[in-house]
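Have a look at the structure below, then the notes.
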Amino acid sequence: MLNELHIENIAVIERADISFGKGLNVLTGETGAGKSIVIDSIGAVLGERVSRELVRRGAEKGLVTASFDVAGCEDWLQENDIEADDELIIQRRITAEGKSGCRVCGTPVTAAQLKELASRLVDIHGQNDGRQLMDERRHREYLDRFGVPAETIDAYGEAWSRYRSVSRELGKLQMDETEKERLSDSLRYQIEELERAGLKAGEYDTITARRDLLRNSEKLTDALDQAVEILSGGDDNAVSMAQNAAYFTSRASAFAPELETAAENITGAAFMLSDASETLRDFRDSLDFSPEEYDELETRIALLNKLQRKYSRDEEALIAYLDECREKLDDIQYADERAAKLRRELAAAEKQCRIRAAQLSEKRHEAALELEKRITGELRELNMSSVRFAVDFALQENEPGFDANGCDNIRFIMSANAGEALGRISRIASGGELSRIMLAMKNVFAENDPVGTMIFDEIDTGVSGIAAQRVGEKLFCVSMGRQVMCVTHLPQIAAMADNHYLIRKEERGGRTYTDVLPLDREGRKQELARMHGGDNITETTLASAEEQLRACEKYKASRSPA
């Protein structure tokens with residue numbers, strides 16, 4: 001449930017703090033006063049797309065903060081590593097440059113994350129939802145959401161995925177003979193070229209290091225000779241001198257025991273120098289340089305460089321590419337056998353798809369009967385007593401007779417008046433009828449919807465008289481199980497409110513300001529009188545408003561549980 005809404009520098013609202021309650025919350029006011037700005041602000045704080053035009057002129061930024069109950073969002077908070085106490089605080093900032101930032105309980109989140117969270121909090125029925133109802137491509141979605149088991153939809157989805165996977169794999173094998181021969185020749189040439197090269201993993205680095213060694217052989221040999229000479233050549237070499245030093249230090253330690261460690265260290269150093277000298281001598285003796293080896297290495301490196309440039313791959317990737325080419329050639333050479341196998345798999349997958357599609361269609365027909373019954377009942381309660389509502393099924397006309405959504409083409413059809421044939425909603429329903437059909441559907445679907453707040457932005461479009469009264473009653477009934485917010489121009493709906501807010505616009509100091517005022521019972525009576533008679537509020541319109549409030553209170557008491 002939405003508890004608190006803070007709006008700052010959004011359109012004509014400089015600042016507003018609104019506390020919403022349970023049940024039916026109604027927003028009324030003159031046309032252009034800013035009622036829809038409140039709804040737009042809620043949409044903004046829930047991740048809807050915003051623009052810099054939403055920021056109040058002259059302000060650096062706009063801000064919307066909303067406080068919701070945490071219930072129902074615990075798993076989302078855990079998945080996104082966000083901590084919340086007793087309430088869920090959502091904030092959206094929009095700068096005058098059009099940039100925006102979102103936070104949930106002080107933690108920055110993306111607009112996509114915010115929209116995911118919003119789907120658990122609020123269902124907004126905007127003024128364009130009626131147009132969505134006329135879009136027959138959405139009708140299957142409405143029906144599935146109403147009453148088709150998720151496991152049935154998932155089972156068909158798995159069968160369809162398997163069918164599409166095999167179908168695509170078979171399509172890749174189907175090429176004409178000329179293309180097949182051309183591709184085979186190209187693969188054979190590449191395979192032969194790479195096989196002749198005799199590629200080995202790690203070879204390039206090894207032979208490059210050996211080439212560099214040979215390239216500097218003279219300098220290397222000279223350096224080794226000099227080092228060996230210093231360490232062990234002649235009488236006064238480093239090893240001999242270290243050994244002599246160790247001997248005399250050892251003698252001295254006989255008279256001064258504290259020198260024993262020094263003697264041991266020098267002795268160890270003498271052994272290390274001797275070992276190093278042997279290592280250098282062995283390495284020098286192992287060197288076997290020849291101009292022929294150097295030329296061979298240069299030739300090999302040039303070949304590897306050429307192949308790497310040609311195929312735009314390094315050494316390891318070239319080896320992998322060779323394997324890939326062999327596999328492709330095998331696929332082409334054995335394409336007929338593989339195609340025959342895939343055709344058998346495709347036939348089996350198609351059979352499974354048809355079985356699952358038939359099961360899905362059966363569940364849809366069962367759900368359609370219940371939906372027809374429920375929607376018709378709801379519409380009759382909304383003063384559409386002669387309405388007939390039906391779900392029309394037709395088989396897919398494409399080959400193979402099913403697609404990602406099954407084998408059914410689904411559309412809603414209706415007849416608004418007695419004696420008229422059923423037809424497309426888009427051709428039969430008026431604006432007011434569309435609003436009531438959408439309200440009826442929202443009410444039916446809401447039973448399985450965990451969202452705690454529903455918002456209706458001008459659900460009263462095209463509705464008046466008794467129909468308006470029935471819409472108000474239906475909104476109240478919906479609000480008995482959840483929080484409902486409604487922007488309306490009709491007193492029949494406003495009179496049903498549990499919480500009533502007046503959106504008032506006025507000029508102060510040459511600027512336009514919009515205020516949001518919660519109304520007490522007397523304020524509600526004044527507002528209903530204005531909605532009935534405009535600025536000309538009389539004793540008669542006030543009496544009418546009082547009578548309407550009492551009638552609504554009586555109706556609400558009759559529907560409330562004892």
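- With Gln483 contributing its side chain and Gly21 its backbone, the two residues share a donor-acceptor pair below 3.5 Å.
- With Asp81 contributing its side chain and Leu77 its backbone, the two residues share no donor-acceptor pair below 3.5 Å.
- Two residues are said to be in side-chain contact when any heavy atoms from C-beta on lie closer than 4.5 Å; Leu114 and Ile90 meet this criterion.
- Cation-pi contact between Arg56 and Tyr513: present, with separation from the ring centre below 6.0 Å and deviation from the ring axis of at most 45°.
- Among all heavy-atom pairs drawn from Met1 and Lys22, the shortest one is SD-CG, 3.5 Å.
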Step by step, work out the salt bridge (Lys or Arg N to Asp or Glu O under 4.0 Å) result for Lys525 and Glu522. CA-CA 5 Å; Lys525 187 167 71 172; Glu522 183 61 29; 3.6 Å; yes
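- Annotation: side chain of Met454 is in contact with side chain of Val478 (closest heavy-atom distance under 4.5 Å).
- Environment of CD1 in Ile466: sparse, with no more than 12 heavy atoms of neighbouring residues, nucleotides or ligands closer than 6.0 Å.
- Side chain of His500 to backbone of Val26: no donor-acceptor contact under 3.5 angstrom is found.
- The shortest side-chain heavy-atom distance between Met414 and Met384 falls under the 4.5 Å cut-off.
- A donor-acceptor pair under 3.5 Å is absent between the side-chain atoms of Ser36 and the main chain of Ile39, judged by distance alone.
- Using a cut-off of 4.0 Å between Lys/Arg side-chain N and Asp/Glu carboxylate O, Lys556 and Glu553 are scored as not salt-bridged.
- Using cut-offs of 30° and 60° on the angle between ring planes, the pair Phe402 and Trp160 is perpendicular.
- No salt bridge links Glu97 with Arg52; every basic N to acidic carboxylate O contact stays at or beyond 4.0 Å.
- Counting heavy atoms of neighbouring residues, nucleotides and ligands inside a 6.0 Å radius, atom CD of Glu79 exceeds 12 of them.
- Under 4.0 Å is where a charged nitrogen must lie from a carboxylate oxygen, and between Glu350 and Arg354 at least one such pair does.
- With Asp69 contributing its side chain and Glu87 its backbone, the two residues share no donor-acceptor pair below 3.5 Å.
- Between Val38 and the options Val487, Thr514, Asp457, Ile13, a side-chain contact (heavy atoms from CB on, under 4.5 Å) holds for only Ile13.
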Working note: Glu4 + Ser19, criterion side-chain hydrogen bond (donor to acceptor under 3.5 Å, both in side chains); need CA distance, chi angles, decisive distance, verdict. CA-CA 5 Å; Glu4 304 281 343; Ser19 295; 2.8 Å; yes
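- By the 4.0 Å N-to-carboxylate-O rule, Arg521 lies close enough to Glu546 to be salt-bridged with it.
- Using a 4.5 Å cut-off on side-chain heavy atoms (C-beta onward), Val391 and Leu143 make contact.
- Summarising the geometry of Ala44 relative to Leu54, their closest heavy-atom pair is CB-CD2, 4.3 Å, with the distance given to 0.1 Å.
- Of all heavy-atom pairs between Ala440 and Glu378, the closest is CB-CB, 3.6 Å.
- Salt-bridge check for Lys61 with Glu8: failed, with every basic side-chain N at 4.0 Å or more from each acidic carboxylate O.
- Residue Glu60 places its CD atom among 12 or fewer non-hydrogen atoms of other residues, nucleotides or ligands, all under 6.0 Å distant.
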Going through the checks in order, is the side-chain contact (heavy atoms from CB on, under 4.5 Å) test met by Leu88 and Cys105? CA-CA 6 Å; Leu88 190 68; Cys105 297; 3.9 Å; yes
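- Here the side chain of Thr541 pairs a donor or acceptor atom with the backbone of Thr538 at under 3.5 angstrom.
- Residues His6 and Gln91 bring no donor and acceptor atom of their side chains to less than 3.5 Å of each other.
- Taking 4.0 Å as the cut-off between side-chain N and carboxylate O, Glu136 and Arg424 count as a salt-bridged pair.
- Remark: Glu473 engages Arg470 in a salt bridge, criterion side-chain N to carboxylate O under 4.0 Å.
- We find that Asp515 and Arg508 are joined by a salt bridge, their nearest charged nitrogen and carboxylate oxygen being less than 4.0 Å apart.
- A donor-acceptor pair shorter than 3.5 Å can be found between the side chains of Gln396 and Asp403.
- Counting heavy atoms from C-beta outward, Lys115 and Leu117 have side chains that stay 4.5 Å or more apart.
- Looking at every heavy atom in both residues, Ala367 comes nearest to Phe146 through O-CE2, 3.5 Å.
- Under the 4.0 Å criterion applied to side-chain N and carboxylate O atoms, Glu372 and Arg388 are not assigned as salt-bridge partners.
- No donor-acceptor distance shorter than 3.5 angstrom exists from the side chain of Ser165 to the backbone of Ser161, with no hydrogens or angles considered.
- Residue-environment remark: CG (Asp86) stays at or below the threshold of 12 foreign heavy atoms within 6.0 Å.
- Ion pairing between a basic and an acidic side chain is recognised when a charged N comes within 4.0 Å of a carboxylate O; Asp144 and Lys363 show no such pairing.
- In this structure, Glu345 contributes its side chain and Val166 its backbone to no donor-acceptor pair below 3.5 Å.
- Annotation for Ala545 and Leu528: closest pair CB-CB, 3.7 Å, computed over non-hydrogen atoms.
- For the atom pair CZ of Arg120 and CD of Glu74, the computed distance is 9.5 Å after rounding to the nearest 0.5 Å.
- One distance of note links OG1 of Thr28 with CZ of Arg524; it measures 9.0 Å at 0.5 Å rounding.
- Contact annotation: the side chain of Ile7 never approaches that of Asp17 to less than 4.5 Å [non-hydrogen atoms, C-beta and beyond].
- For the atom pair CD1 (Ile18) and CD1 (Ile503), the distance works out to 6.0 Å, reported to the nearest 0.5 Å.
- The structure places CD1 of Ile455 at 7.0 Å from CG of Leu46, a figure rounded to the nearest 0.5 Å.
- A donor-acceptor pair under 3.5 Å links the side-chain atoms of Ser479 to the main chain of Phe476, judged by distance alone.
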Take Leu346 and Ser167 through the test side-chain contact (heavy atoms from CB on, under 4.5 Å) and record every step on the way to the result. CA-CA 6 Å; Leu346 186 64; Ser167 179; 3.9 Å; yes
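- Proximity of Arg140 to Asp408: side-chain heavy atoms (C-beta onward) are nowhere separated by under 4.5 Å.
- When every heavy atom of Cys407 is checked against every heavy atom of Gly401, the shortest pair comes out as CB-O, 3.5 Å.
- To the nearest 0.5 Å, atom CG of residue Asp392 and atom CG of residue Leu422 are 9.0 Å apart.
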For Ile42 and Leu2: C-alpha separation, side-chain torsions, deciding distance, then whether side-chain contact (heavy atoms from CB on, under 4.5 Å) applies. CA-CA 10 Å; Ile42 296 173; Leu2 174 58; 3.9 Å; yes
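- Using a cut-off of 4.0 Å between Lys/Arg side-chain N and Asp/Glu carboxylate O, Arg138 and Glu141 are scored as salt-bridged.
- Under the 4.5 Å side-chain criterion, counting only non-hydrogen atoms from C-beta, Arg92 is in contact with Ser100.
- Shown are Lys35, Lys505, Arg530, His489; of these, the side chain to side chain donor-acceptor pair (under 3.5 Å) with Glu30 is made only by Arg530.
- Of the inter-residue distances, the one linking Leu379 atom CG with Lys474 atom NZ reads 9.0 Å to the nearest 0.5 angstrom.
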Which is it for Val471 and Gln492 under the side-chain contact (heavy atoms from CB on, under 4.5 Å) test, yes or no, and what are the steps along the way? CA-CA 8 Å; Val471 169; Gln492 296 95 322; over 6 Å; no
